[in-house]
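Residue numbers run from 1 in the order of the sequence given. For ligands, and for the atoms within them, numbers begin at 1 and follow the listed sequence.
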Amino acid sequence: MKSSPKQVIWLVTGSQELYGPGPLKQVAENSRVIARSLSAEKGIPMKVVFKSLLTTSEGVRALCLEANQSPECAGLVLWMHTFSPSRMWIGGLSLLRKPFAHLHTQFNRDLPWSEIDMDFMNLNQAAHGDREAGFLHARMRLPRKIVVGHWQDPEVIERLGAWMRVVRGWQDMQGARFARFGDNMRRVAVTEGNKVSAETLFGYQVDGYSVGDLVKEVNAVSDAEVNRLCADYADRYTMAPALRRGAKRHSSVREAARIELGLRAFLQKGNFKGFTTTFEDLHGLRQLPGLAVQRLMAEGYGFGAEGDWKTCALLRMMKVIGEGLGGGTSFMEDYTYHLDPSGSLVLGAHMLEICESIASGRPSLEVHPLGIGGKEDPARLVFSAPAGPALNASMIDLGNRFRLIVNEVDVVEPPAPLPKLPVARAIWKCRPDFKTACGAWIRAGGAHHTAFSYSVTAEHLRDFAEIAGIELVLIDQETRLSGLEKEIRWNEAYYHLAPIGRP
Ligand code: MN
């Protein structure tokens, strides 16, 4: 995946000069040990660098300004080894624009019961130092993640690692460009939204293009490039004899390859991280881009069908968050239901555009007619998604804010073969159950389009919502409709009072 540049996390330790230089030297050394140890952990996706030990307002301010400016710094982990009087953090933290996590830890895990003395107490004082910091963060209403426990505790490492993945996704989003071919589909409401609000909050831009700009790139693709890509398809996918080179329907595959090459060239030239299409605006393209979209998503591009730029941006970020975790992430649509009273299921799919990264086994490349759009029969990959825990996430624009709605689901093997369904699909059970989840989703206004992932977790998306300052509605095993309805009403009031997004 065309991912972000190498960035690091700064570990910053707060202290004060009360105990003289000796203990401070020791605390700086301890901080170095923590940073090195975290960096070496498998679950920590970024290098953690001990940046400084701060004891003055001037130092804090300078550090926060440096963090804002530094392309290397993705975010900060703050740890208050000792009392670090919090007023000295006000000036700096009010300027800080990078996300931070507050690590509430202590260098020594255990108390040395028989030897504990005041020197030990002075070196292991986060119990009150971090409380002083916590008060200030709360007083300033600062978005942050709080992680509690010894720095070698596997659970602490996991929480911090998850947050760092989100920080990486967040940084990838800053300045990201998404190309939008055509406008919205028909009169669909949920895929609309305010792009100015989105750019202000999330830092990405959505730029519109005529599909003719794409057609120009598609027409410029050489036959030699198409040949090479078709050979690659033949290696990677199961194909019916009629689609193979020299056979009568091979031209449909070649056309799909040409669209893929043209689309990739367009995205590369403009340095885009994702794109949207709409089947109502395909003038000059002979097929709806299906296979091309599936393969570009697998490379890490965000995608939204029918002009859905919000899902496109969300999908790209979720791909960055989940990179290397195993288990793919795809554009998805709740398509149809199996309303068996003994266990209702959702069949998720799209006309064509489901990412190859969620395929279980070798996909089948097929060409079938498409009932809408009035174009030639498009090529697409057909497969089922594997069983396992996953989630669906939907970003909606409520006019005064964005709401991210997440439902944890359990993907199941298709209960029976689906020989006549010519699209990629995933079949899942909703948590806590079908009626509660769908009732909650509809109450919250969640879209039919989602970003669907096996690797991104509710914790990741909660961390993202915290950084972006947006509302999160989580539908999981614990959800009860009555509670969720109240949460939504209360949020309505909260978001009229709270500042919208980051300061
Ligand atoms: Mn759709």
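- Below 30°, between 30° and 60°, or above 60°: for Tyr233 and Tyr237 the angle between ring planes is between 30° and 60°, a tilted geometry.
- Side-chain atoms of Arg165 come within 3.5 Å of backbone N or O of Ile321 as a donor-acceptor pair.
- Look at Lys195 and Glu199 and you find no salt bridge, because none of the NZ, NE, NH1 or NH2 atoms lies under 4.0 Å from a carboxylate O.
- None of the N, O or S atoms belonging to Asp308 lies under 2.8 Å away from the Mn ion (ligand 1).
- The NE2 atom of His449 and the OE1 atom of Glu333 subtend an angle of 90° at the Mn ion (ligand 1), given to the nearest 10 degrees.
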- Message: Run Met351 and Arg380 through side-chain contact (heavy atoms from CB on, under 4.5 Å) and show every step you take.
- Response: CA-CA 9 Å; Met351 288 183 301; Arg380 83 287 305 268; over 6 Å; no
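- Annotation: angle subtended at the Mn ion (ligand 1) by Glu306 OE1 and His350 NE2 is 120°, to 10°.
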